[in-house]
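Reminder, nothing fancy here: chain letters follow the sequence lines and each chain counts from 1.
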2 protein chains.
Amino acid sequence: MDGLDRIDLRILAELVTDARASQIELAEKVGLSPTACARRIRHLEEIGVIRGYRVDLEPSALGLVTTVVVTITLEKQSEDYLAAFEAAIARCPDVVSCHLMSGSDDYHLQVIARDIADFERIHKQHLSRMPGVARIHSSFAMREVVRRTIPETALRG
Amino acid sequence: MDGLDRIDLRILAELVTDARASQIELAEKVGLSPTACARRIRHLEEIGVIRGYRVDLEPSALGLVTTVVVTITLEKQSEDYLAAFEAAIARCPDVVSCHLMSGSDDYHLQVIARDIADFERIHKQHLSRMPGVARIHSSFAMREVVRRTIPETALRG
DNA sequence: GGACTATGCGCGTCGGCGTGCCCAAGGAAA
DNA sequence: TTTCCTTGGGCACGCCGACGCGCATAGTCC
């Protein structure tokens, strides 16, 4: 991975702040000419560091104020059980993150819903119908303290 | 919040896919004229639905392959304990999400590190020094199954 | 029927972006 | 040490396209 130098990281840091900055603005901020800057960006896109450019939406402004942390335990942790569950969970549109955890056969999910009633719907329609599930445990978030897309450490020269 | 109609949601869905699409491309996809489309986007920015535009980076391409779910319990849950902890955690650059959970005095965090050794550094330098912490429990993720910035449900007409 | 909101069209201006070429620095080999 | 080659940066040009404005219009609510 690490053909990235300080300038690349600075470019990425700027694009995290504002992905719509023109190459000219960008070039000024990182101390490069626009063409050199453009070349580096294209390179970062080609090697897959940059996956794309997305709008950053405010969930609460869309009525999504209920974050739930869900822990799911499977009945068995055989390959096919894992695969079946993961295929199913990937199709659940309310899930924003899902990780298979080590040290147990658990999955950790984050689900975002409109309210508690909406989460009940998600629970009934999706979570409780997942294949091979032994146990589901849900915890509601009262407040969001930190939200980031990537650790700041990653973009420090 | 809900002055948003189907067209607004379609615009947002397109911008989640590609925030660099020109207003002309965008307008075609949602079936509007460019000017009308631009007006709606500006409106969405003004009312705070759109927070900004960010590059989408691939953490693994930056060497960040270790996601850790951390649960932290405070000694006391008084106002000042919570405030002190939250101020401290917001300053920790490796934390990508932190929620105060209901039903207990726990915080749920997601931390992204380069590797296990890097997480040990984070643990020593930051987590174990947080004020008012009684207990820290860390679980390592083996695989990322789902990653989204916002539930797909939110943008369905 | 009047007012308001939102759309569509056409225009002009402005600025971005990409290309091609040249230059400087660093490394390797003779 | 000298020379060649490669890598990355800067400059200048020209084309193309986006953006924003103003106005006319349709649909809607009161």
Side-chain angles (χ1 to χ4, degrees), chain A residues 1-64 149-150 154-157, chain B residues 1-64 149-150 154-157:
Chain A
M1 86 156 229
D2 260 353
L4 303 190
D5 60 9
R6 250 154 242 156
I7 297 180
D8 288 317
L9 296 178
R10 286 211 48 190
I11 291 174
L12 294 179
E14 288 297 331
L15 287 176
V16 167
T17 302
D18 177 16
R20 286 214 153 172
S22 72
Q23 298 182 352
I24 295 176
E25 291 173 302
L26 223 53
E28 286 176 3
K29 291 189 179 175
V30 302
L32 243 56
S33 78
T35 54
C37 193
R39 266 196 290 262
R40 295 180 92 114
I41 291 174
R42 189 205 305 241
H43 178 65
L44 292 169
E45 291 170 350
E46 284 170 353
I47 65 176
V49 172
I50 294 180
R51 300 173 70 212
Y53 304 88
R54 328 232 172 268
V55 70
D56 180 16
L57 301 179
E58 175 59 47
S60 63
L62 292 164
L64 301 170
T149 137
I150 202 164
L155 302 177
R156 297 216 173 133
Chain B
M1 91 165 222
D2 259 352
L4 303 190
D5 60 10
R6 248 153 243 156
I7 298 180
D8 288 318
L9 295 179
R10 287 212 49 191
I11 291 175
L12 294 179
E14 288 298 329
L15 287 176
V16 167
T17 303
D18 177 17
R20 286 214 153 171
S22 72
Q23 298 183 353
I24 295 176
E25 291 173 301
L26 223 53
E28 286 175 3
K29 291 189 181 175
V30 303
L32 242 54
S33 78
T35 53
C37 193
R39 267 195 289 263
R40 295 180 92 115
I41 291 174
R42 185 196 324 223
H43 179 65
L44 291 168
E45 289 171 351
E46 285 170 353
I47 65 177
V49 172
I50 295 179
R51 300 172 69 212
Y53 304 89
R54 327 233 172 268
V55 70
D56 181 16
L57 301 179
E58 175 60 47
S60 62
L62 291 166
L64 301 170
T149 136
I150 202 165
L155 302 177
R156 294 213 175 136

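Along DNA chain D, read 5' to 3', the first and last nucleotides having any atom under 4.0 Å from a heavy atom of chain B are dA18(D) to dC21(D).
Contacts between residues 9-24 of chain B and DNA chain D, defined by a heavy-atom separation under 4.0 Å, are made by Ser22(B), Gln23(B), Ile24(B).
Across the interface with DNA chain C, nearest-nucleotide mapping of Gly31(B) and Glu25(A) shows Gly31(B) to be the residue nearer the 5′ end. Place Arg42(B) and Pro34(A) on DNA chain D by their nearest nucleotides, and Pro34(A) ends up nearer the 5' end.
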Extract from the structure each pairing of a protein N or O with an N or O of nucleotides 9-12 of chain C at less than 3.5 Å, listing the distance.
{"residue": "dC9(C)", "atom": "N4", "partner": "Thr35(B)", "partner atom": "OG1", "Å": "3.3"}

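Counting all heavy atoms, side chain and backbone alike, Ala154(A) lies closest to Leu64(B) at CB-CD1, 3.4 Å. Heavy-atom minimum distance, Lys29(B) versus Arg10(B): O-NH2, 2.8 Å. Contact between Ala61(B) and Gly48(A) at its shortest, heavy atoms only, is CB-O, 4.0 Å.
A straight line from CD1 of Ile7(B) to P of dT5(C) spans 18 Å, rounded to a whole angstrom. Atoms CG (Asp5(A)) and C1' (dA25(C)) sit 15 Å apart, rounded to a whole Å.
If you take CZ on Arg6(B) and CG on Leu9(B), they are separated by 9.0 Å, rounding to the nearest 0.5 Å. With rounding to the nearest 0.5 Å, the separation of CG in Leu32(B) from CZ in Arg39(B) is 9.0 Å. Interatomic distance, CG of Leu62(A) versus CG of Leu12(B), reported as 6.5 Å (0.5 Å rounding). Interatomic distance, Leu44(B) CG to Leu15(B) CG, rounded to the nearest 0.5 Å: 8.5 Å. Expressed to the nearest 0.5 Å, how far CD of Gln23(B) lies from CZ of Arg42(B) amounts to 9.0 Å.
A side-chain contact (heavy atoms from CB on, under 4.5 Å) with Cys37(B) is found for exactly one of Ile7(B), Ile24(B), Leu26(B), namely Leu26(B).
For Arg156(A), the salt bridge (charged side-chain N to carboxylate O under 4.0 Å, His left out) partners at least two apart in sequence or on another chain are Glu152(A).
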Residues Leu57(B), Thr149(A); criterion side-chain contact (heavy atoms from CB on, under 4.5 Å); working and verdict:
CA-CA 9 Å; Leu57(B) 301 179; Thr149(A) 137; over 6 Å; no
Fill in the dot-bracket string of DNA chain D, one character per base: . for unpaired, | for a pair to another strand, ( ) or [ ] for pairs within the strand, taking Watson-Crick or G-U pairs under 3.5 Å.
||||||||||||||||||||||||||||||
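A distance-only check finds a donor-acceptor pair linking the side chain of Glu25(B) to the backbone of Ser22(B) [under 3.5 Å].
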For residues 49-56 of chain A, run the donor-acceptor check on the side chains, cut-off 3.5 Å, and write out each pair with its distance to 0.1 Å, sequence neighbours left out.
{"residue": "Arg51(A)", "atom": "NE", "partner": "Glu58(B)", "partner atom": "OE1", "Å": "3.3"}
{"residue": "Arg51(A)", "atom": "NH1", "partner": "Asp56(B)", "partner atom": "OD2", "Å": "3.2"}
{"residue": "Tyr53(A)", "atom": "OH", "partner": "Glu45(A)", "partner atom": "OE2", "Å": "2.6"}
{"residue": "Arg54(A)", "atom": "NE", "partner": "Asp56(B)", "partner atom": "OD2", "Å": "2.9"}
{"residue": "Arg54(A)", "atom": "NH1", "partner": "Val16(B)", "partner atom": "O", "Å": "3.3"}
{"residue": "Arg54(A)", "atom": "NH1", "partner": "Thr17(B)", "partner atom": "O", "Å": "2.7"}
{"residue": "Arg54(A)", "atom": "NH2", "partner": "Asp56(B)", "partner atom": "OD2", "Å": "3.2"}
{"residue": "Asp56(A)", "atom": "OD2", "partner": "Arg51(B)", "partner atom": "NH1", "Å": "3.2"}
{"residue": "Asp56(A)", "atom": "OD2", "partner": "Arg54(B)", "partner atom": "NE", "Å": "2.9"}
{"residue": "Asp56(A)", "atom": "OD2", "partner": "Arg54(B)", "partner atom": "NH2", "Å": "3.2"}

